[in-house]
Protein chains: 4
Amino acid sequence: MAPLNEEQLHQIRDERKEQIKAAALQVFARKGILSAKMSMIAETAGISNGLLYHYFKSKDELFTSLVQEAMAESEAALRSVYDMPGTPLERIRALTAEILNEDGTPYFMLIHQAATSDGVPEQVKEIQQQYSMDTYVDMLLPLFEEGQQAGELAEGDPRELIACYLSVLSGVMVINSNGSKVYQIPKADMLMRLVARK
Amino acid sequence: MAPLNEEQLHQIRDERKEQIKAAALQVFARKGILSAKMSMIAETAGISNGLLYHYFKSKDELFTSLVQEAMAESEAALRSVYDMPGTPLERIRALTAEILNEDGTPYFMLIHQAATSDGVPEQVKEIQQQYSMDTYVDMLLPLFEEGQQAGELAEGDPRELIACYLSVLSGVMVINSNGSKVYQIPKADMLMRLVARK
Amino acid sequence: MAPLNEEQLHQIRDERKEQIKAAALQVFARKGILSAKMSMIAETAGISNGLLYHYFKSKDELFTSLVQEAMAESEAALRSVYDMPGTPLERIRALTAEILNEDGTPYFMLIHQAATSDGVPEQVKEIQQQYSMDTYVDMLLPLFEEGQQAGELAEGDPRELIACYLSVLSGVMVINSNGSKVYQIPKADMLMRLVARK
Amino acid sequence: MAPLNEEQLHQIRDERKEQIKAAALQVFARKGILSAKMSMIAETAGISNGLLYHYFKSKDELFTSLVQEAMAESEAALRSVYDMPGTPLERIRALTAEILNEDGTPYFMLIHQAATSDGVPEQVKEIQQQYSMDTYVDMLLPLFEEGQQAGELAEGDPRELIACYLSVLSGVMVINSNGSKVYQIPKADMLMRLVARK
DNA sequence: CATGAATGAGCATTCATTCAT
DNA sequence: AATGAATGAATGCTCATTCAT
């Protein structure tokens, strides 16, 4: 009966969803949820306004689903540090460089938008409590402790050190995410001075 | 009642303007130009909606005038480093601490909003070209060169060092400006590691 | 596998049409033409959205065709009073009870919707002029006159009596059609007081 | 300071609110909450779309406030029967005639719309539980009991009699409210047969 | 100078209808 | 015949701006 088999339909749906998500990520990251216009997302995705609503019930749902993905993605990025070779400092440098270069910039920016803009859906606020800064700090704690014991990293409260490192990294990502050429993105080596033993 | 003379009228006008600017700075810095509502600014200033338009022709003009002020203000803040006592490194630390603590945060945030948000008036974009990052780099160049010669500051291209320092500082200001408790504001001492000689 | 012959196809087509009409009647009667959504009708009929348009050119056409059927149906219902046994009053009571109980309620409701809602197609308005209240009055006139002559029915202008009886009956159908439990449906015996001789 | 004194402003606000309510009552009563368009209400009231929202936060709030008023109004109308002269039957006839003639028709229709349409705000549903049919039955109970004791009214459960009377009355109001000339509004005397002793 | 009522353009969302498969 | 993806026009609501007082 069905003119397209299930598999084909499923594939179309998935492709469209990804296409929309990619467009929405771009727009949301740059503009925040309030300034981002659904029409802009539709245009970026190359589809009609109405079709957005076949795939996502609302702007809020679309935003929320992206934030969830971004959170998971950023967690995975940090976690990947444990699969890298080298000493703790080398691995932190590699992680830093990866984050700075990576095309994951929009994800960082989205998370920032979600944390600081108005008009953020309730559900996103709940997600944010799950993925607080502490979560990320905990994740990096073993690595930093190892680095301190090896004498590679600066001394002091490791949690504070990590929180500071992450804040600076986030800040750098954020101010560079809009493509404004006002700021200059620091090199990973320079940021290492923040955490390396003098 | 006795009619007010011109001078008195002028003074009232100036006071009102400052009152409005203070309110607008607060609101713009927190929300960005698009999310900030004129009604919110009026309410914060304790005046009526309509009165805003006696003093500023439009939202854009109000925003632009604030950005101009913020630019001048931030320039003055940087310039003040030359009036401070101590070695270059000590003076940079003092400047950093001042910026991080100071209530000038809204000005920084405004500049960031102006640099990265949508809906920014053309005139603001022109101002931004005047006050590019280079302007600030030039301003701090003598101090950093002195610090490098004294062996207090890290070696390498001083312009790059300054640009990196300013970017990190801006990033930290930005992510903390919305009062979101997600991030942790680093202490000045920690940021000094970025620029101090190891 | 064997291709269906024309007759079979025709039969399938007719069955589908009936299926759709049944679903549409339900939805239109409950919601009115504007609130009824084509998607709701499709879902109720258990078919896809698009298939509706193979059988009915538009929402308006579907609605119109239903109204036509409802008109004919209600006319037949009234006409059936002449096939009933008993005195005029007994027959009117039987007719009343039948209408109140019958599942023909949706048809009545549809006629009401057509008569009173917005967004009703032009063609429906034309049909309504054919089947005005007068049509129904004419239809019942012989029966009521017989009842008056037999001394069973209230005296006075029989046309007015019938019109009043039909209006009350319609009103009762309408307020009870949405399943709202706010109103109470009167029993046939009670309504008989309207027309019976005291 | 204020260019218009409080009283004048208050008066303007009140007039506008009444103007809007009158327009909205007309439109809501005729179309129901979903089909009624805010633009239609604005046009009927002779004001701009936006101004509606100075006076009522939303379509729902406007609708709700009207329903509340309608409920109170209808209650008062029924209650007024106790201030009338004459025997119970005479008073019921007077009440009936008043309701049928009165321009309160839109109020009845609005209550009907609220009871039977889709898209009715939650708050309205709560109000409806306060003002159920039972409320009205209770209100008329003493009068009907008195009428039954005086032998003027039909015998039987007085609550059922009242509920039936109110349902018929409501039905008649509803089918006549749209100005469709299909139905004929019965005279009060005819409706009295429903409740009068034979 | 000061107020707040009034306007209208802009955006999120819904839904009848079309069309490729 | 049948599906459901795709379109776009219509509508509720917000907000910068104007204007009568």
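Below, read A as the first sequence line, B as the second, and so on, with proteins coming before strands; counting in each chain starts at 1. The structure displayed is predicted, hence computed values, not measured ones.
Taking atom CG of L52(B) as the reference point, atom P of dC15(F) lies 15 Å away to the nearest angstrom. Spacing between atom CZ of R16(A) and atom C1' of dA6(F) amounts to 8 Å, rounded to whole angstrom units. Remark: P of dT21(F) and NE2 of H10(D) are 20 Å apart, rounded to the nearest angstrom. Here the P atom of nucleotide dA16(E) and the NZ atom of K31(C) are 12 Å apart, to the nearest Å. One atom, CD of Q11(A), and another, C1' of dA5(F), lie 14 Å apart when rounded to the nearest Å. Between the CD atom of Q8(A) and the P atom of dG4(F) there is a distance of 13 Å, given to the nearest Å. Rounding to whole angstrom units, CD of residue Q19(D) and C1' of dA6(E) are separated by 12 Å. D118(D) has its CG atom 15 Å from the C1' atom of dT14(E), to the nearest Å.
With a 4.5 Å cut-off on side-chain heavy atoms, Y53(B) and M38(B) count as touching.
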Does the pair V67(A) and I111(A) meet the rule for a side chain to side chain contact (heavy atoms under 4.5 Å, CB included), with working shown?
CA-CA 6 Å; V67(A) 169; I111(A) 292 175; 5.6 Å; no

Trace of the side chain to side chain contact (heavy atoms under 4.5 Å, CB included) decision for M109(C) with Q113(C):
CA-CA 6 Å; M109(C) 193 56 204; Q113(C) 295 281 10; 3.5 Å; yes

Please step through salt bridge (Lys or Arg N to Asp or Glu O under 4.0 Å) for the pair R30(A) and D118(B), ending with a clear verdict.
CA-CA 8 Å; R30(A) 195 174 294 276; D118(B) 288 312; over 6 Å; no

Pair D14(C), E18(C) - check side chain to side chain contact (heavy atoms under 4.5 Å, CB included), show working.
CA-CA 6 Å; D14(C) 277 1; E18(C) 288 313 312; 5.7 Å; no

Protein-nucleic acid N or O pairs under 3.5 Å, nucleotides 8-10 of chain E:
none

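The number of heavy-atom neighbours closer than 6.0 Å to CD of E15(B), taken from other residues, nucleotides and ligands shown, is above 12. Other residues, nucleotides and ligands contribute only 12 or fewer heavy atoms inside 6.0 Å of the CD atom of E43(B).
A cation-pi arrangement is present between K17(C) and F56(C) under the rule of less than 6.0 angstrom and at most 45 degrees off the ring axis.
An OP1 or OP2 oxygen of dT3(E) is reached within less than 4.0 angstrom by no side-chain nitrogen or oxygen of Y53(B). Contact annotation: R13(A) side-chain N/O to dG4(F) OP1/OP2 distance is not under 4.0 Å. Between H54(C) and dA1(F), a side-chain N or O to OP1/OP2 separation shorter than 4.0 Å is present. OP1 or OP2 of dA2(F) lies within a sub-4.0 Å distance of a side-chain N or O belonging to Y55(C).
No contact: F56(C) has no heavy atom under 4.0 Å from any strand. Within the nucleic acid shown, I47(A) comes within 4.0 Å of sugar-phosphate atoms alone, with no base atom in reach, counting heavy atoms only. At a threshold of 4.0 angstrom between heavy atoms, the contacts of A36(B) are confined to the sugar-phosphate backbone, with no base atom among them.
Atom CG of L34(B) and atom CG of L34(A) lie 9.0 Å apart (nearest 0.5 Å).
Taking both residues in full, the closest heavy atoms of V120(C) and A114(C) are given as CG2-O, 3.6 Å, listed atom of the first, atom of the second, then distance. The shortest heavy-atom contact between Y55(B) and R13(B) is CE2-CG, 3.5 Å.
Of all the residues in residues 120-128 of chain D, not one reaches under 4.0 Å from DNA chain F with any non-hydrogen atom.
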In dot-bracket, 5' to 3', how would DNA chain F read with Watson-Crick or G-U wobble pairs under 3.5 Å, [ ] for crossing ones and | for pairs to another strand?
.||||||||||||||||||||

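Of the two residues near DNA chain E, D60(C) and M40(A), the one whose nearest nucleotide lies more 5' is M40(A). Comparing S39(C) and K59(A), the nucleotide of DNA chain E nearest to each residue sits closer to the 5' end for K59(A). Between M38(D) and S58(B), the residue anchored closer to the 5' end of DNA chain F is M38(D), taking for each the nucleotide with the nearest heavy atom.
The main-chain N or O of I33(B) is found under 3.5 Å from a side-chain atom of K59(B) such that the two form a donor-acceptor pair. In this structure, Q68(D) contributes its side chain and I127(D) its backbone to no donor-acceptor pair below 3.5 Å.
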